[in-house]
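Working notes, beginning with the structure itself.
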Amino acid sequence: MSFAFRVQGSRATRGPAPLSLALSVTATEITVDVGGVPPDQSANLDTNAGEVDSVAAASGGDGSYSYAWTITETDDNNISPASCAVLATGTQNAARYNTATFRVTQPALISGGVPIEPPPRFQEATYRLRCTVTDGNSDTATADYTVLIVGA
């Protein structure tokens with residue numbers, strides 16, 4: 001059994017540990033085969049549910065927890081109109097988050113038999129998945145998970 005102490009004035013008192021949150025996985029890289037798209041065609045390439053997978057473990061606080069996940073694109077290093085977007089956010093209110101999927105759009109590299117310049121190639125996009133846990137006292141803690149989508 002462990003105890004936490006709170007400081008009130010100049011003396012410490014026993015109390016619950018402060019709310020904290022840890023993730024089982026904090027970074028994932030997903031490679032998407034954009035090189036497999038014929039140069040005179042465009043394609044949407046989707047990732048699969050389960051490729052992004054992390055479990056949030058809360059501790060401390062009052063012991064009752066609710067979870068909320070958000071997804072934010074933090075970097076998009078592509079030559080337009082190549083892009084990446086969240087295809088489905090999936091279930092966002094559970095400790096385990098493994099249902100998000102992404103869609104890479106790879107445009108044609110050749111139009112009318114002539115190469116497009118600059119070539120619109122998907123390179124990479126970065127997403128921050130943030131889990132926020134809230135306990136019964138309305139205290140919160142957050143942890144971040146980075147997902148890098150890379151074109152190959």
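Computed from a predicted structure; not experimentally measured.
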Shortest non-hydrogen contact from [X] to [Y]?
{"X": "Pro120", "Y": "Ser80", "result": "CB-O, 3.6 Å"}
{"X": "Val133", "Y": "Ala58", "result": "CG2-CB, 3.7 Å"}
{"X": "Leu23", "Y": "Ser54", "result": "CB-OG, 3.5 Å"}
{"X": "Leu21", "Y": "Ala56", "result": "CD1-CB, 3.7 Å"}
{"X": "Phe122", "Y": "Ala82", "result": "N-CB, 3.4 Å"}

[atom2] on [Y] to [atom1] on [X], rounded to 0.5 Å:
{"X": "Ser83", "Y": "Asn78", "atom1": "OG", "atom2": "CG", "answer": "7.0 Å"}
{"X": "Asp144", "Y": "Thr26", "atom1": "CG", "atom2": "OG1", "answer": "9.5 Å"}
{"X": "Ser24", "Y": "Asp53", "atom1": "OG", "atom2": "CG", "answer": "6.5 Å"}
{"X": "Asp139", "Y": "Ser20", "atom1": "CG", "atom2": "OG", "answer": "11.5 Å"}
{"X": "Leu19", "Y": "Ser59", "atom1": "CG", "atom2": "OG", "answer": "7.5 Å"}
{"X": "Thr99", "Y": "Gln92", "atom1": "OG1", "atom2": "CD", "answer": "7.5 Å"}

N/O donor-acceptor pair under 3.5 Å between Asp62 side chain and Gly136 backbone: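 Indeed, once roles are kept as given, a pair shorter than 3.5 Å links the two residues.
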
Trp69 (side chain) donor-acceptor with Thr89 (main chain) under 3.5 angstrom: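 Such a contact is absent between Trp69 side chain and Thr89 backbone.
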
Is [Y] reachable from [X] through a run of I, L, V, M, F, W or Y residues, each pair having side-chain heavy atoms under 4.5 Å apart?
{"X": "Val104", "Y": "Ile30", "result": "yes"}
{"X": "Val150", "Y": "Val147", "result": "no"}
{"X": "Ile71", "Y": "Val32", "result": "yes"}

Asn48 and Asp46: CA distance, side-chain angles, deciding distance, side chain to side chain contact (heavy atoms under 4.5 Å, CB included) verdict: CA-CA 7 Å; Asn48 298 307; Asp46 300 340; over 6 Å; no

Verdict with reasoning, Tyr67 to Thr132, per side chain to side chain donor-acceptor pair (under 3.5 Å): CA-CA 6 Å; Tyr67 300 89; Thr132 301; over 6 Å; no

Test side chain to side chain contact (heavy atoms under 4.5 Å, CB included) applied to Cys131 and Thr142, step by step: CA-CA 6 Å; Cys131 182; Thr142 61; over 6 Å; no

Report yes if some heavy atom in the side chain of [X] is under 4.5 Å from a heavy atom in the side chain of [Y]; otherwise report no.
{"X": "Ile149", "Y": "Glu124", "result": "no"}
{"X": "Val34", "Y": "Leu45", "result": "yes"}
{"X": "Leu109", "Y": "Ile116", "result": "no"}
{"X": "Tyr97", "Y": "Thr91", "result": "no"}
{"X": "Thr72", "Y": "Arg130", "result": "no"}

Distance-only donor-acceptor check, side chains Asn44 and Thr105, under 3.5 Å: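 Yes, because at least one side-chain N or O of Asn44 sits under 3.5 Å from a partner of the opposite role on Thr105.
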
Between Thr74 and Thr126: side-chain donor-acceptor atoms closer than 3.5 Å: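 Side chains of Thr74 and Thr126: no pair found under 3.5 Å.
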
Stepwise side chain to side chain contact (heavy atoms under 4.5 Å, CB included) test for Tyr145 and Val52: CA-CA 9 Å; Tyr145 176 13; Val52 171; 3.5 Å; yes

Whether Tyr127 and Phe102 hold their rings parallel, tilted or perpendicular, with breakpoints at 30° and 60°: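 Answer is tilted, since the angle falls between 30° and 60°.
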
Chi angles and distances behind the side chain to side chain contact (heavy atoms under 4.5 Å, CB included) call for Val37, Ser42: CA-CA 7 Å; Val37 177; Ser42 62; 5.9 Å; no

